[in-house]
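Below is one structure, written out as structure tokens; comments come after it.
Keep in mind the model is a prediction, meaning the values are calculated, not measured.
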Amino acid sequence: MDGVDTNLDNAEPQSIATSLEVEQLDKNLFRSKTLWLPMRARGVFGGQVISQAVVAASNCVNPDYSLHCYFLLSASPSIPILYYVERLREGKTYTTRSVKAVQNGALVFTMTCSFQKDEPGQPIHQRPMPQGVPSPDACKLVEDVFEEYLQSAKLTEEMKIIIKENIIERRKSPIAIKDTPVFRTADGILTQAFWMRAKSVPKYELPFQRCILSYMSDLRFLGVASRELGLSRSRVWPRNLSMMSTLDHTVWFYDNDFDVGEWMLYVVSCVAAGNGRAVVSGQWYTQAGKLVAVCTQEGVVRIGTPSSDPAGKEATKSRL
């Protein structure tokens, strides 16, 4: 922990526009400007790579879209990522773009975007927003919850440093998060909902709204699977979470009327888990209950080897 800045007064939020910004080098070639490495992560935050790829693809077309992407390798925050956009199909209603993210000569990420022109007058259906979820006004920011926990007399000095690092990371993040209590549906499915919004942003045009929501869609997502399985990095075998890493991620947009500068609800549940992998699904709602996007993600969720050591120490040995 030596050299870690745990001064809570030094944490200023980063602009979401800065996080998503890419430099256009050629007609179909873009380069990242900033990359963020979360605490104890294996590589760059996946949501940032997704959103930057969406920005690059959006610069090559202009209607609505869905996206599906694969994470092939962990990316380093110290080397810019190059995004190559390939124009696969130009249809009357649907247009398709492929994006390849390359770092240091290696392919680290691929994405396919399907852009769709509006089709007004078509039938509409949505899954309703869960009842009983506390409003954003009734919930606390994650960093404020950590602040309260920091006052506990039972914490070791090492734990206090880790909590302070979490507080600083949340304060610096361009996205505000408020957790809500975990609940189980009538059929026993563990579900957790998160209120999220972009910090201090004007009402961006729709294409950039979707880019920001794509960034937000990777926050808190796969962690619901580890909660369903009862795993934690602080527990011992066989409940020691050794590795958690995204393999693929999908977002489908179903409504254009939303503002990421307002609180939006992300409702997440684990669909299946086994063989060291898990699938989670999530739905994005406005406060009024309108469903605007649906997400799925598959990732590695793996326990360590039998040991009395906490999984955090085993995690450094894990490999894809």
Side-chain angles (χ1 to χ4, degrees), residues 16-17 19-33 46-72 75 80-103 107-127 198 201 203-218 221 246-260 264 281-286 290-298:
I16 185 63
S19 299
L20 271 60
E21 190 175 9
V22 293
E23 176 186 5
Q24 186 163 5
L25 303 178
D26 205 341
K27 182 179 180 181
N28 299 317
L29 180 61
F30 302 81
R31 180 171 59 195
S32 65
K33 286 195 171 183
Q48 186 176 29
V49 180
I50 294 169
S51 58
Q52 288 182 351
V54 173
V55 170
S58 298
N59 277 309
C60 298
V61 75
N62 190 33
D64 306 338
Y65 56 81
S66 63
L67 60 92
H68 187 84
C69 47
Y70 290 90
F71 292 86
L72 306 178
I81 295 175
L82 293 176
Y83 298 95
Y84 297 87
V85 180
E86 185 176 359
R87 302 169 187 244
L88 300 181
R89 180 177 184 268
E90 302 285 351
K92 292 182 179 179
T93 303
Y94 291 91
T95 298
T96 307
R97 297 289 182 265
S98 171
V99 182
K100 295 180 180 179
V102 176
Q103 185 180 71
L107 184 64
V108 299
F109 169 93
T110 66
M111 182 182 75
T112 301
C113 282
S114 177
F115 296 81
Q116 178 195 6
K117 293 181 180 177
D118 282 338
E119 295 188 54
Q122 296 297 322
I124 296 174
H125 166 75
Q126 71 159 71
R127 177 181 293 182
V201 297
K203 186 164 183 176
Y204 288 110
E205 294 181 354
L206 181 60
F208 201 62
Q209 292 273 347
R210 296 199 196 96
C211 295
I212 298 173
L213 192 67
S214 299
Y215 180 102
M216 294 162 61
S217 70
D218 196 33
F221 206 12
T246 302
L247 294 172
D248 65 83
H249 188 99
T250 304
V251 183
W252 296 274
F253 293 92
Y254 275 93
D255 197 283
N256 297 331
D257 187 17
F258 65 92
D259 181 2
V260 292
M264 298 185 64
S281 67
Q283 300 82 45
W284 282 99
Y285 296 91
T286 65
K290 181 183 293 184
L291 179 67
V292 300
V294 178
C295 304
T296 61
Q297 184 176 97
E298 184 183 38

[Y] side chain reached by [X] side chain, heavy atoms, under 4.5 Å:
X: Cys211; Y: Ser58; result: yes
X: Arg89; Y: Thr95; result: no
X: Thr96; Y: Thr112; result: yes
X: Lys290; Y: Phe258; result: no

Approximate separation, where rounding is to 0.5 Å, of [X] [atom1] and [Y] [atom2]:
X: Tyr70; Y: Glu298; atom1: OH; atom2: CD; result: 8.5 Å
X: Cys69; Y: Phe109; atom1: SG; atom2: CZ; result: 4.0 Å
X: Phe71; Y: Asp248; atom1: CZ; atom2: CG; result: 9.0 Å
X: Gln103; Y: Leu72; atom1: CD; atom2: CG; result: 12.5 Å
X: Tyr84; Y: Thr110; atom1: OH; atom2: OG1; result: 15.0 Å
X: Met264; Y: Trp284; atom1: CE; atom2: CH2; result: 6.5 Å

For Cys113 against Met111, the heavy-atom pair lying closest together
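For Cys113 versus Met111, the nearest heavy atoms are SG-CE, 3.2 Å.
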
Taking all atoms of both residues into account, what is the closest heavy-atom pair of Ala198 and Ile16, and its distance?
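Heavy atoms of Ala198 and Ile16 come nearest at CB-CG2, 4.4 Å.
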
Pairing residues for Thr250 by the side chain to side chain contact (heavy atoms under 4.5 Å, CB included) criterion, not counting sequence neighbours
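Only His68, Trp252, Thr296 meet the side chain to side chain contact (heavy atoms under 4.5 Å, CB included) criterion with Thr250.
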
Of all residues at least two apart in sequence or in a different chain, which pass the salt bridge (Lys or Arg N to Asp or Glu O under 4.0 Å) check with [X]?
X: Lys100; result: none
X: Arg31; result: Glu23
X: Glu21; result: Lys33
X: Glu119; result: none

Applying side-chain hydrogen bond (donor to acceptor under 3.5 Å, both in side chains) to Asp218 and Gln297, what does each step give before you reach the verdict?
CA-CA 9 Å; Asp218 196 33; Gln297 184 176 97; 2.7 Å; yes

Identified side-chain contact (heavy atoms from CB on, under 4.5 Å) counterpart of Val292 within the set Asp257, Thr286, Val260
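Per the side-chain contact (heavy atoms from CB on, under 4.5 Å) rule, the option paired with Val292 is Thr286, out of Asp257, Thr286, Val260.
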
Identify the residue among Val251, Ile212, Leu67 that makes a side-chain contact (heavy atoms from CB on, under 4.5 Å) with Ser217.
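Passing option: Val251.
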
Can a donor-acceptor pair be found between the side chains of Gln126 and Asp255 at a distance below 3.5 Å?
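Absent: no donor and acceptor within the cut-off.
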
Relative to each other, are the rings of His249 and Phe221 parallel, tilted or perpendicular (30° and 60° limits)?
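Answer is perpendicular, since the angle exceeds 60°.
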
Is a side-chain donor or acceptor of Glu86 paired with a backbone partner of Leu88 at a separation under 3.5 angstrom?
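No.
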
Give a yes or no on whether the backbone of Cys60 and the side-chain of Arg97 come within a donor-acceptor separation of less than 3.5 Å.
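Yes, Arg97 side chain to Cys60 backbone: donor-acceptor pair under 3.5 Å.
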
Taking distance alone, no hydrogens or angles, what donor-acceptor pairs closer than 3.5 Å link side-chain atoms of residues 47-55 to residues at least two apart or in another chain?
residue : atom : partner : partner atom : Å
Gln48   : OE1  : Trp36   : N            : 2.7
Gln48   : NE2  : Ser19   : O            : 2.9
Gln48   : NE2  : Thr34   : O            : 3.0
Ser51   : OG   : Gly47   : O            : 3.0
Ser51   : OG   : Gln48   : O            : 3.0
Gln52   : OE1  : Tyr83   : OH           : 2.7
Gln52   : NE2  : Ser19   : O            : 2.9
Gln52   : NE2  : Thr34   : O            : 3.1

Gln209 vs Asp259, test: side-chain contact (heavy atoms from CB on, under 4.5 Å). Steps then yes/no.
CA-CA 7 Å; Gln209 292 273 347; Asp259 181 2; 3.4 Å; yes

